[in-house]
Number of protein chains: 2
Amino acid sequence: MAVTAQQIAELAGVSRGTVDRALHNRGRVNPEVAAKIHKIAAELGYKPNLIGQALVKSRREFKLGAILQSVETPTIQIVRAGVQRAAEELAASGVELIMRENRGLDTEMVLEHIEELVSQGVQGLAIAPNNSPEIRQCIDELYEQGIPVITLNSDAPGSRRLAFIGMDNYRAGQTAAGLLRLMLPEGGKVLPLAGHLNNTAHNNRLNGFMDTINGETGNEIELLAFQPCFDRDDYAHEITQHALRANPDLTGIYVASNGQAGACAAVEEEGRKGKVKVVAFDLNPMNMELLQSDSLSFVLDQKAFEQGYRPPFLLFDYLQNRKAPEKELLYTDIAIKTKFNSDKPVGME
Amino acid sequence: MAVTAQQIAELAGVSRGTVDRALHNRGRVNPEVAAKIHKIAAELGYKPNLIGQALVKSRREFKLGAILQSVETPTIQIVRAGVQRAAEELAASGVELIMRENRGLDTEMVLEHIEELVSQGVQGLAIAPNNSPEIRQCIDELYEQGIPVITLNSDAPGSRRLAFIGMDNYRAGQTAAGLLRLMLPEGGKVLPLAGHLNNTAHNNRLNGFMDTINGETGNEIELLAFQPCFDRDDYAHEITQHALRANPDLTGIYVASNGQAGACAAVEEEGRKGKVKVVAFDLNPMNMELLQSDSLSFVLDQKAFEQGYRPPFLLFDYLQNRKAPEKELLYTDIAIKTKFNSDKPVGME
DNA sequence: ATGAAAGCGCTAACAG
DNA sequence: CTGTTAGCGCTTTCAT
């Protein structure tokens, strides 16, 4: 058995209570005795038993809230699963987690949910915000009230959130550019597609892409003008069709948003499949099919499960131990998927 | 607070002990009473508190063993870190883990370590074996003795191990082939390099590669004869140099083992960098540099940390709850890394 | 067949 | 400043 606080107490000739106070520097203990206790603990390599600790701490009750948006998308479904798994696991530690969900993006609804959850007494919030000044301000107010907020999947940059966990979209854009460059040794024209420009995520994906598509060396790639497709397959289809017909030397398409199915369809209809490489985001069932049929070359995936799973733990840790996350920006892995490595691996992610 | 066994006991008018026996079907309880207890538990949505459970179970002591090989390699260092982290986390549950390590591969040493650990009384073993009949047989004998074995990183196929956790090397070979095909739209010649053919891992990586490099569609790629480089940079360098000079249309190199630095050096010396794409394995510091300098296009990485981290937990779960892993082959994710997504993400992997 | 009681390791409230 | 005590939820004897 590992060494226990009881044993230290006996060796030091004091009680468990004193050992506990000494080891946690809670004060109210004779400095000399404390020193002695620390010494014995160090010699014995004492490590507090986490299970015992958790058991007694589970008496404190915590109430957390989680607010998700765009729950109709496959990616957010995975995020959701992560949140729920965390909720189940934390239930044993006395944590209650209340979840609220919206379809689509809706600043008003988010603000309403925040208000509701706060009135229910949540002590911490995990939010997938949209990038609106109102929400940023609301997060700052929560901070003033002592309610920590963690943003997930999408960030509220500049606000006083405890942390953000999600994809580094600029980096993801760079990664996509790197892939296209590797696939296009002869250069050619590349069409960038994205939802709206006021979608921060898409915007960052686009910036990273454009900053990187023409690197220091080699192949010259000509970037066509950016086209917003508003996440719609029909728009993406039309834009792609136009671009393909106007540019016989179009060799790559970068889809930073939804709409990839439309783009792929247009490529196939024009008989350019294989000649035109398409890179898109998020490993959902549709993209898995598009990979298998060689319509997509690469999909960049984010660790959606982790984005949902970790915030409740981070909030719990903060509330229970006043321990903030190590970094403010917790970027999840940018996973590159092809048809060959896109089945789910073992483990929870 | 969540519902506890105590509450159920009160509602059923029995004691906690009876509730416990009933809920776990341990017998020695009146069937009618048991039914009543089950009913109440279901109605209240009773979930046993994992922390309480863990606390009392931590009285049982477990002794586990782990045997690693080739500890001089960066990948196994990461595996090692995973094992150690698991050991720390399991210490609170009454688990002692004894680790033994070899440099290089050495069947004799592994067998000795196994014997030693067994004589020390370990109840389960995590082993990174080499593919030798002696070790397979030894694992079978351990199975007969009731000592579960989990192989990690490398497998002992056909033996009665509880599970294997590691990379699906055939699949990884396919993935590499897919990447080269995407990068070589014009086809060309590809040189495959690997350590020995009696290294199962390399062999599988090679087979997957060769079975896939010429797909159903498109570009014709000519595969040069496989060359063993015995994991050595100097051999790889020489082989590559020869191949480059003999084949002006060589466009790709697949390094299934170590030796990639030698191959990359040869490519650069012959002035073919950029023209010849190189794919290699394992995201170690050297490969990160080779990615950054564009000497490597892609690195296929395995979740080495996870390979070390999970086996102790799986063994513990098996010993404590007789719960075997869900699958016999626990394949870890095949991660595709480029210069842009090859810095460590957040989290423990 | 069942209840009572002990105890896992820890923290916190209360007395001194 | 320090010891005592109670108790977190559960499993496991030990009586009955």
Side-chain angles (χ1 to χ4, degrees), chain A residues 1-38 40-41 44-62 89-95 319-322, chain B residues 1-38 40-41 44-62 89-95 319-322:
Chain A
M1 242 11 258
V3 41
T4 74
Q6 175 67 55
Q7 294 170 21
I8 296 177
E10 283 162 16
L11 286 170
V14 297
S15 73
R16 296 205 301 284
T18 306
V19 171
D20 187 60
R21 282 189 294 265
L23 256 25
H24 292 82
N25 305 309
R26 296 194 221 282
R28 300 187 310 154
V29 49
N30 186 321
E32 292 175 24
V33 177
K36 185 174 172 187
I37 290 172
H38 272 109
I40 296 178
L44 269 53
Y46 170 74
K47 299 232 179 189
N49 183 309
L50 298 173
I51 300 176
Q53 231 163 1
L55 186 61
V56 59
K57 283 194 177 164
S58 70
R59 257 178 293 184
R60 278 177 67 185
E61 303 221 332
F62 292 101
E89 293 183 16
L90 283 170
S93 301
V95 175
L319 292 170
Q320 188 175 262
N321 313 316
R322 285 285 129 192
Chain B
M1 247 2 263
V3 40
T4 72
Q6 174 68 54
Q7 293 170 21
I8 295 177
E10 282 163 16
L11 287 170
V14 297
S15 74
R16 296 208 299 286
T18 306
V19 170
D20 188 61
R21 282 188 295 264
L23 257 26
H24 292 83
N25 305 310
R26 295 192 221 280
R28 300 187 310 155
V29 49
N30 186 319
E32 292 175 24
V33 177
K36 185 175 173 188
I37 290 172
H38 273 111
I40 297 178
L44 268 54
Y46 171 74
K47 300 232 180 188
N49 183 309
L50 297 175
I51 300 176
Q53 230 162 2
L55 186 61
V56 59
K57 283 194 179 164
S58 70
R59 255 178 293 185
R60 276 177 68 184
E61 304 221 331
F62 292 100
E89 291 183 15
L90 282 170
S93 301
V95 176
L319 291 170
Q320 188 174 263
N321 314 316
R322 286 284 130 190

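Just so we're on the same page: letters track the sequence lines, and every chain starts at 1. Fair warning: this is a prediction, and the values are worked out from it, not measured in the lab.
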**OP:** Send over the distance from B:Arg26 CZ to C:dG3 C1', rounded to a whole Å.
**Re:** 16 Å
Original post:
Starting at CG of B:Leu23 and ending at P of D:dC10, how long is that distance when rounded to a whole Å?
Top reply: 9 Å
**OP:** Evaluate side-chain hydrogen bond (donor to acceptor under 3.5 Å, both in side chains) for A:Lys57 paired with A:Asn321, printing each intermediate quantity in order.
**Re:** CA-CA 10 Å; A:Lys57 283 194 177 164; A:Asn321 313 316; 3.3 Å; yes
Subject >> Integer-rounded Å distance: C:dC10 C1' and A:Arg60 CZ >> reply: 15 Å
**OP:** Between D:dT2, C:dG3, C:dC10, spot the one nearest the side chain of B:Thr18, thanks.
**Re:** C:dG3
**OP:** Specify the separation, in whole Å, of atom NE2 of A:His24 and atom C1' of C:dG9.
**Re:** 12 Å
Original post:
Do any N or O atoms from the side chain of A:Ser93 and from the backbone of A:Val95 form a donor-acceptor pair under 3.5 angstrom?
Top reply: no
**OP:** Go through C:dT2, D:dT2, D:dG9 for me and flag the one nearest to the A:Asn30 side chain.
**Re:** D:dT2
Subject >> Closest to the A:Gln53 side chain, choosing from D:dG3, D:dC10, C:dT11 >> reply: C:dT11
Original post:
Taking only side-chain nitrogens and oxygens of A:Asn49, does any of them come within less than 4.0 Å of OP1 or OP2 of C:dC8?
Top reply: no
Subject >> Protein-nucleotide distance (B:Ile51, atom CD1; D:dT11, atom P), rounded to Å >> reply: 14 Å
Subject >> A:Leu55 CG - C:dA12 C1' separation (whole Å) >> reply: 14 Å
